[in-house]
2 protein chains.
Amino acid sequence: MEVLIVEDDPLHRSYLHDAVLAALPECELVLEAENGRIGEGLARQHRSAHIVMDLQMSERNGIEAARTIWKERPDTRILFWSNYADEAYVRGVSRIVPEGAAYGYVLKSASDDRLKLALRSIFMESQCVIDREVRGMQQKSLGNINGFTDVEYEILVDIALGLTDRMIARRQNLSLRSVQNRLQQLYEKLNVYQRVGEEGDEGRYNLRSRAVAVAFMRKLINYSALERAEAELNEWLGIRHN
Amino acid sequence: MEVLIVEDDPLHRSYLHDAVLAALPECELVLEAENGRIGEGLARQHRSAHIVMDLQMSERNGIEAARTIWKERPDTRILFWSNYADEAYVRGVSRIVPEGAAYGYVLKSASDDRLKLALRSIFMESQCVIDREVRGMQQKSLGNINGFTDVEYEILVDIALGLTDRMIARRQNLSLRSVQNRLQQLYEKLNVYQRVGEEGDEGRYNLRSRAVAVAFMRKLINYSALERAEAELNEWLGIRHN
DNA sequence: GCTTGTCTTGCGGGTTCCCGCAAATTTTGC
DNA sequence: GCAAAATTTGCGGGAACCCGCAAGACAAGC
């Protein structure tokens with residue numbers, strides 16, 4: 001059995017290395033990669049079936065790496081090991097996990113035992129292991145209670161990228177007015193209608209920009225989500241007028 | 001001699017602990033705090049003069065903690081130890097460092113030796129030690145070449161928060177038109193004027209939102225900068241109509 | 001003093017955004 | 001299959017935004 005570790009922090013990497021060896025005595029070889037790009041290469045080369053993946057990395061983040069890896073071999077087992085349970089990460093991960101794949105999501109703040117248990121469950125038993133905190137986020141996110149539908153999330157990302165209504169309409173195959181409807185919906189949910197001043201009509205927020213700001217502060221979107229979205233946008237633009 | 005470590009990651013904390021003991025044999029006591037709030041309390045209680053501070057922490061980030069600590073005792077020596085050299089961080093730090101204070105900024109990717117050297121230089125010799133990468137960022141940022149003036153940065157933060165032109169005008173004591181002038185300036189520098197489509201006039205970006213997006217992607221602003229700015233905004237709103 | 005350059009302000013207009021209203025269309029529930 | 005509910009679309013208008021133009025304000029340099 002082989003395990004591939006993709007993690008940019010040297011301390012965390014060696015900690016993981018030890019944890020893997022301790023939790024999985026049947027493991028013969030531990031590979032290490034210091035970013036997503038190298039991780040992808042190693043995974044391809046060694047046909048890795050067991051991967052521990054950090055999310056926040058500089059070269060190429062964990063979600064992108066996992067996506068291409070899963071695209072090539074959907075039965076790869078991946079344990080995501082991250083500092084945070086941002087909704088942006090949770091949503092990003094659950095968007096790319098293939099049908100029936102075994103994966104896990106545990107926080108770096110978890111105890112040694114939790115980590116080791118997760119390693120065994122996922123790699124040996126092919127079970128999914130999601131940390132409680134992450135699980136909670138997932139339900140809040142995907143459930144309808146105060147959660148955002150995919151439609152709403154899409155449009156949020158589009159205005160965060162700085163697209164005009166007209167452009168969004170084209171991208172989503174909608175009319176201008178429908179885009180604006182969805183925006184209203186979004187503004188409602190993000191609670192951006194409160195006045196910032198108090199003197200009558202003036203002094204409102206700019207709804208569009210404020211929505212993005214609030215989404216950032218609620219960690220609905222974050223740097224890596226924006227980065228991915230920008231890449232997708234450019235791809236789409238490339239296809240549109242090759 | 002006492003040293004206070006403020007760092008939320010346990011692995012990094014114990015690594016720092018060892019590094020401090022190794023680099024500073026004259027150190028008798030090492031205190032540890034796991035976030036900015038606790039760090040502030042310990043610093044006040046022990047009148048700490050030597051602090052190693054992480055920037056990215058959940059409860060209260062390093063910049064805020066450092067600001068209040070320096071406000072109380074401006075001769076405190078602080079070594080910032082961070083994963084990234086985001087322009088937002090660099091600017092945030094240099095905005096709060098008091099006149100003539102000794103401080104440092106080294107990246108977590110730096111070698112053991114660099115870290116230990118920095119510890120001695122700052123704590124024993126009261127010298128400022130700024131990592132090369134950070135230094136480069138600082139010059140690019142503060143120098144006029146492709147750098148942003150304080151004025152431009154202020155208005156960038158304001159639109160990132162989602163304020164309207166009118167509100168920004170009030171906050172900065174400017175006319176509406178002047179605010180818009182500065183916005184034009186900003187758009188120019190951030191290069192948001194390129195069309196996204198190609199068919200004639202349509203398909204532009206929404207300049208305002210796009211500016212925020214590219215600022216984020218260039219790490220001119222990041223989550224923690226936004227968070228701080230939001231706090232300052234609320235404070236200002238509170239003062240305005242007590 | 002005068003000039004020059006930068007910054008600010010007002011005016012005016014074209015464009016985009018935000019949204020109420022109502023009709024058309026699709027989806028859902030039974 | 002049909003009625004209710006949700007979504008989409010068009011129209012129209014008020015507000016905000018973006019910006020060219022030109023006149024004042026202010027500081028710096030000679």
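What you are looking at is a predicted structure, and each value in this text was computed from that prediction instead of being measured.
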K.L.:
Specify the angle, to 10°, made by the local axes at the two ends of the helix from dG1(C)-dC30(D) to dC30(C)-dG1(D) when five pairs are taken at each end.
P.N.:
40°
K.L.:
Is it true that a side-chain atom of Glu7(A) and a backbone atom of Asp9(A) form a donor plus acceptor pair closer than 3.5 Å?
P.N.:
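The answer is yes, because a donor-acceptor pair under 3.5 Å joins these two groups.
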K.L.:
Measure CD/Gln184(B) against P/dC17(D) and give the value in whole Å, please.
P.N.:
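Rounded to whole Å, this separation is 14 Å.
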K.L.:
Any chance you could list the contact pattern along nucleotides 23-28 of chain D? Use B for base contacts, S for sugar-phosphate-only contacts and - for none, protein heavy atoms under 4.0 Å, 5' to 3'.
P.N.:
------
K.L.:
Compare side-chain N and O positions of Asn206(A) against OP1 and OP2 of dC17(C) and report whether any pair is under 4.0 Å apart.
P.N.:
no
K.L.:
Filter on salt bridge (Lys or Arg N to Asp or Glu O under 4.0 Å), then keep only pairs touching residues 68-82 of chain A, sequence neighbours left out; what's left?
P.N.:
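Matches after skipping sequence neighbours: Arg44(A)-Glu72(A).
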K.L.:
May I ask you to verify if any side-chain N or O of Tyr205(B) is less than 4.0 angstrom from the OP1 or OP2 atom of dT15(C)?
P.N.:
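No, outside the criterion.
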K.L.:
Residues in side-chain hydrogen bond (donor to acceptor under 3.5 Å, both in side chains) with Thr68(A), at least two apart?
P.N.:
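Thr68(A): side-chain hydrogen bond (donor to acceptor under 3.5 Å, both in side chains) contacts with Glu40(A).
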K.L.:
Listed in order of residue number, which residues of residues 174-183 of chain B have a non-hydrogen atom at under 4.0 Å from DNA chain D?
P.N.:
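Contacting residues: Arg177(B), Gln180(B), Leu183(B).
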K.L.:
Could you note down all residue pairs passing salt bridge (Lys or Arg N to Asp or Glu O under 4.0 Å) where residues 152-162 of chain B supplies at least one of them, sequence neighbours left out?
P.N.:
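Checked against salt bridge (Lys or Arg N to Asp or Glu O under 4.0 Å) - neighbours excluded - the pairs reaching residues 152-162 of chain B are Glu152(B)-Lys189(B), Asp158(B)-Arg171(B).
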K.L.:
Would you confirm whether the ring centroid of Tyr89(B) sits within less than 6.0 angstrom of the ring centroid of Tyr105(B)?
P.N.:
no
K.L.:
Rounded off to whole Å, could you give me the CZ-to-P distance for the Arg210(B) and dT16(C) pair?
P.N.:
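Checked: the CZ to P distance equals 17 Å.
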K.L.:
Less than 4.0 angstrom from a charged side-chain N to a carboxylate O is my criterion; do Lys219(B) and Glu87(B) meet it?
P.N.:
no
K.L.:
Between Arg114(A) and Asp131(A), is the closest basic N to carboxylate O distance under 4.0 Å?
P.N.:
yes
